[in-house]
There are 2 protein chains.
Amino acid sequence: MSAMEKIAIIEDDPGIRTVLRLAVRGFATVCEAERGDEALALVVRERPSLVLLDLMLPGLDGLEVCREIRRTPSVASTPIIMLTAKSAEEDIVRGLEMGADDYITKPFSKAVLIARIKAVLRRPASAQGPVRLLSGLTVDEASRTAAVDGHPLALTRSEFDLLAVLVARPGRVYTRPQILAHVQGEEKDVTERTVDTLMVGLRRKLGEWAAHVETIRGIGYRLTP
Amino acid sequence: MSAMEKIAIIEDDPGIRTVLRLAVRGFATVCEAERGDEALALVVRERPSLVLLDLMLPGLDGLEVCREIRRTPSVASTPIIMLTAKSAEEDIVRGLEMGADDYITKPFSKAVLIARIKAVLRRPASAQGPVRLLSGLTVDEASRTAAVDGHPLALTRSEFDLLAVLVARPGRVYTRPQILAHVQGEEKDVTERTVDTLMVGLRRKLGEWAAHVETIRGIGYRLTP
DNA sequence: GTTTCTTTGTCAGGATTGTGTCAGGAAAAT
DNA sequence: ATTTTCCTGACACAATCCTGACAAAGAAAC
């Protein structure tokens, strides 16, 4: 994070906007929109490195905004952090399904906010080259190869895609429907439990690295860096 | 960027065309069209390494031109930079969705223009001269000959093109549609399985080198270095 | 602490899909 | 006209995937 990052704030409450703006001052510039239907245009124009997205918005619902961003190729990979009321757990799950990277429940402390933001920004920006994780896991999308400590893994197509999804954003939780959507390009109307079965094979082949693949009970799976 | 690049300019305003032509002089030659319905033919004929595409065109809309190019396999991967009025945000979004690589809003400065162009061009340099791989495979695009341990191979046109694609990026996985797009310059609406059949012939002629041609089940093929 | 309910791990077979291969005819090159 | 190359369709075989069932592990209720 050598240069200044740019963060887009989509939030209708001026008070919260100010809080956010002040919180990130020091390591990021901001651009703002207060209506959901202005959000996509703002993101396309400004190409922020992160989007803070309130779920309760006038004009267009936050979840819809999230989906729009993910469907627009030029900005589809922009990280999104949702801001949501503590109670709306259902929205959280749906938001994650829709491709949000993380969520923060209101009210939030400045410390938590900054920590989450930095955690998201600190990720390798969707680079093309091979992704390398600490403990020696290497995943290369171009050659579709994966290796642990230089030792290549014989993964099936689905297993590789599964691993690729998790590796794309280490630490982020993926729900089963979300994983299925990535693993089988099209909808094929498949039981969610299929993911578990795939995970068995993947974990087996990962050997001791399998310990990094965490099950988040009630939600899905994630990779711990 | 060792050699001179070729840039296609699709723009109806003669004044802007001149500005563009002068701006890129020094590192690129140009070919031009003023009508949208001439654009695809120009691109197919000239095979430019970049297309500058105005969105407001007589004959055929710029967005349509963009889509046509992306749908024509032989030139589908040509980078496209859109030229658009600042206000037309909707068009920008749709253009990016349609596969454009970048956009520049009018009026633009010469510096921005050149920076964007060079950024786009500065990618996969298709190297020239014979390519040599470790185990003794030699592929020379110029003379269209290939040899294993100095022993020339009698490849058909398609077989050579197929090998050339794989050799261009050893290790990278190519899907069948991708391979077809390269092997048959024009779109010919051919079954994907044709690639398999070609691969049979290629592998046979490669002899023991065939072991380096890997099948990635469910995806395509790849060369192992 | 025990019971009950939900969620996940695991496995084995059957269904599905992908690939190697070939032969024959169309298309192109000579 | 002859030869070469290309494409299609079919078949067999193999890899992989999905389902359904049960066991195990947590979480919640009592």
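A note on names: the letters A, B, ... follow the listed sequences, proteins ahead of strands, and every chain is numbered from 1. Every heavy atom of this structure was used, including side-chain atoms; hydrogens, water molecules and symmetry mates were not.
- Atom CE of A/Met199 sits about 5.0 Å away from atom CD1 of A/Ile179, to the nearest 0.5 Å.
- Considering only residues two or more places apart in sequence or on other chains, A/Asp12 meets the side-chain contact (heavy atoms from CB on, under 4.5 Å) condition with A/Asp54, A/Leu57, A/Pro58.
- Between the P atom of C/dT7 and the CE atom of A/Met199 lies a distance of 17 Å, rounded to the nearest Å.
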Going 5' to 3' through nucleotides 17-30 of chain D and flagging B where a protein heavy-atom sits under 4.0 Å of the base, S where only the sugar-phosphate is that close, and - otherwise, we get SSB-----BBS---

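- Rounded to whole Å, the distance from CZ on A/Arg222 to C1' on C/dT8 is 16 Å.
- Among residues two or more places apart in sequence or in another chain, the side-chain contact (heavy atoms from CB on, under 4.5 Å) test is passed with B/Val200 by B/Arg204.
- Using a 4.0 Å heavy-atom cutoff across all strands shown, B/Ile216 reaches sugar-phosphate atoms only and no base atom.
- Atom P of nucleotide C/dA29 and atom CG of B/Leu155 are separated by 18 Å, given to the nearest angstrom.
- Scanning for side chain to side chain donor-acceptor pair (under 3.5 Å) contacts around A/Asp13 gives an empty result, with sequence neighbours left out.
- Partners of B/Thr175 by side chain to side chain donor-acceptor pair (under 3.5 Å), not counting sequence neighbours, listed by chain and number: B/Gln178.
- Here CG of A/Leu206 is found 9.0 Å from CD of A/Glu159. Values are rounded to the nearest 0.5 Å.
- Overall bending of the helix from C/dG1-D/dC30 to C/dT30-D/dA1, expressed as the angle between end axes built from five pairs apiece, is 40° (10° steps).
- Among residues two or more places apart in sequence or in another chain, the side-chain contact (heavy atoms from CB on, under 4.5 Å) test is passed with B/Ser158 by B/Thr156, B/Val183, B/Leu198.
- One can place CG of A/Leu202 at 12 Å from P of C/dG9, the figure rounded to the nearest angstrom.
- Counting to the nearest Å, the C1' atom of D/dT16 and the CZ atom of A/Arg144 are 14 Å from each other.
- What separates CZ of B/Arg203 from P of C/dC22 is a distance of 13 Å, to the nearest Å.
- The side chain of A/Arg176 places an N or O atom within less than 4.0 Å of a non-bridging phosphate oxygen (OP1 or OP2) of C/dT8.
- The separation between A/Leu206 atom CG and C/dG9 atom C1' is 16 Å, rounded to whole Å.
- Not a single side-chain contact (heavy atoms from CB on, under 4.5 Å) links B/Ala147 to another residue, sequence neighbours left out.
- Applying the side chain to side chain donor-acceptor pair (under 3.5 Å) criterion to A/Arg144, with sequence neighbours excluded, gives A/Asp161.
- Note on A/Tyr221: a side-chain N or O is less than 4.0 Å away from OP1 or OP2 of C/dG9.
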